[in-house]
Protein chains: 2
Amino acid sequence: MNDELFNLIERLANLLRQETRLEGQSLGLQPIQQEALYYLSTCNRYSDTTLAVTEFLGLTKGTVSQSLKILESKTLIAKVKDKKDKRITHLKVTEAGLEFLMKTCPPQKFTDAITSLSVDEEFETKRLLKKVLSSYQHATGRTAFGVCQHCKFNRKTSDGILCDLTKEALSSDDIMLICREYVV
Amino acid sequence: MNDELFNLIERLANLLRQETRLEGQSLGLQPIQQEALYYLSTCNRYSDTTLAVTEFLGLTKGTVSQSLKILESKTLIAKVKDKKDKRITHLKVTEAGLEFLMKTCPPQKFTDAITSLSVDEEFETKRLLKKVLSSYQHATGRTAFGVCQHCKFNRKTSDGILCDLTKEALSSDDIMLICREYVV
DNA sequence: GTATTTAGTATCGAGTCGAAACTAGTTTGA
DNA sequence: TCAAACTAGTTTCGACTCGATACTAAATAC
């Protein structure tokens, strides 16, 4: 069976989606809305826009705009206009949004299931899946979405950490977040 | 980050879903319809019913009934009434259905991406994901859906292979398929 | 021989989705 | 400099997903 890996990922994703659907019922949140919320809690200030969410989820911007509108109406995120570029709206996860994520993400039973792996096995699983994801993203020509500190543009200077792309200073918290401009 | 593994699976699944959506356009097939079709091509005669598909995909039977109706209307599957139990309808993948799956499943770019793994790595990835899936299925109390020949009820006798649950004879092709009654 | 259970279908309303048309702000370049 | 091209985001449309609920028909229980 050459398609076993495909099958395994699909099935894990189906279970995950199902549990996510259940977890979202308390607030009336759909799985995709929770995914968007989760992404927004992990990304940096260059990547917290409608378009970045669109790229991350691999949907169209009209669709994503709808989902974000619902998240805003439930006050799980807040829209903040960009100071410099008035076209851009930053999406900030609110306290209520973070609280929801803390409770539900990742789903409890998934976390339980992971404990069946040893520490080494868990590490190895992550490493292997990262490799597959990276190749797959490359094959589909999609934005990579990596962690800031591992990016080509991330530069440590005597004054602190700098993004060579935006020429802005970055804090040690900043560089832990996901960036849509990530380049290996 | 404790939720890294969760994130990786979600992202792989999103990419997969996107490519599946694209592949399905030629026949106007939605991702979930393709998943049902694919499942039906891999399952045995005890597991090719609406209810089995429902359990496999983790949805409700009403929803699945709709998707299967569409697959039937496109003559990708055919409904065959069970001889013994007239409530049961078996869902058989047609030639056209198999042809579509051959072309599209698993998606080409995913298959390409897998080649970035060595043979050993691919084997190890499968082993680890199987372990996670198995634990996760157990945690959620879902049907296991395993391959017939590895099932507790599968018994090799001098006369051939037997299912101890249904007491029916199985062929060597039969025991390669997925069964909803699978028990470790 | 009625009551319960099981397999599957039909219908509803809320939400997802892509496509396309739209507004508004920014950049480009003659 | 200022119109054209581009970019970020929204709105609307129609097809589809999804769970919930109510339904039909057949099998089983007792």
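Each chain gets a letter, A, B and so on, in the order the sequences are listed, and its residues count up from 1.
Although no hydrogens or angles enter the test, the distance criterion places a donor-acceptor pair under 3.5 Å between the side chain of A/S47 and the main chain of A/R180. Judged by distance alone, with hydrogens and angles left aside, the side-chain atoms of B/T49 form no donor-acceptor pair with the main-chain N or O of B/T89 at under 3.5 Å.
Side-chain polar atoms of A/Q18 and A/N14 form no donor-acceptor pair below 3.5 angstrom.
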Exercise for review: Starting from the C-alpha separation in whole Å, work towards a yes-or-no answer on side chain to side chain contact (heavy atoms under 4.5 Å, CB included) for B/L71 and B/L29.
Suggested key: CA-CA 8 Å; B/L71 284 180; B/L29 286 183; 3.9 Å; yes
Practice item. Given salt bridge (Lys or Arg N to Asp or Glu O under 4.0 Å), test A/E121 with B/R127 step by step and report yes or no. Key: CA-CA 10 Å; A/E121 280 180 330; B/R127 186 185 72 82; 3.1 Å; yes
If you restrict it to nitrogen or oxygen atoms, what contacts under 3.5 Å exist between nucleotides 11-16 of chain C and the protein, and what is each distance?
{"from": "C/dT16", "atom 1": "OP1", "to": "A/Q33", "atom 2": "NE2", "distance (Å)": "2.6"}

Return the polar atom pairs (N/O with N/O) between nucleotides 1-3 of chain C and the protein under 3.5 Å, or none.
none

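The ring pair (Phe, Tyr, Trp, His ring centres under 6.0 Å) pairs that include a residue from residues 64-92 of chain A number zero, where partners must be two or more places apart or lie in different chains. Legend: ring pair (Phe, Tyr, Trp, His ring centres under 6.0 Å) pairs involving residues 91-131 of chain B, not counting sequence neighbours, sorted by first then second residue: A/Y136-B/F110. Pairs of residues two or more places apart, or lying in two chains, never qualify as salt bridge (charged side-chain N to carboxylate O under 4.0 Å, His left out) while including a residue from residues 8-28 of chain A. Pairs engaging residues 148-170 of chain B under the ring pair (Phe, Tyr, Trp, His ring centres under 6.0 Å) rule: none recorded [sequence neighbours left out].
Counting any heavy atom pair closer than 4.0 Å across all strands shown, A/K79 reaches sugar-phosphate atoms only and no base atom.
For the segment residues 82-90 of chain A, residues with any heavy atom less than 4.0 angstrom from an atom of DNA chain C are, sorted by number, A/K84, A/D85, A/K86, A/R87.
Protein chain B contacts DNA chain D over a range whose 5' and 3' limits, counting nucleotides with an atom under 4.0 angstrom from a non-hydrogen atom, are D/dC16 to D/dA27.
Phosphate contact (OP1/OP2 of C/dA20, side-chain N/O of A/K61, threshold under 4.0 Å): absent. Taking side-chain N and O atoms only, B/S65 has no distance below 4.0 Å to OP1 or OP2 of C/dA10.
Legend: residues meeting side-chain contact (heavy atoms from CB on, under 4.5 Å) with A/K130, ordered by chain and number and at least two apart, are B/E4, B/L8. Listed by chain and number, the residues in a salt bridge (charged side-chain N to carboxylate O under 4.0 Å, His left out) with A/R45 are A/E168, A/D174 (sequence neighbours excluded). Listed by chain and residue number, B/D82, B/R87, B/I88 satisfy the side-chain contact (heavy atoms from CB on, under 4.5 Å) test with B/D85 (two or more places apart in sequence, or in another chain). Listed by chain and residue number, B/I77, B/K79 satisfy the side-chain contact (heavy atoms from CB on, under 4.5 Å) test with B/E72 (two or more places apart in sequence, or in another chain).
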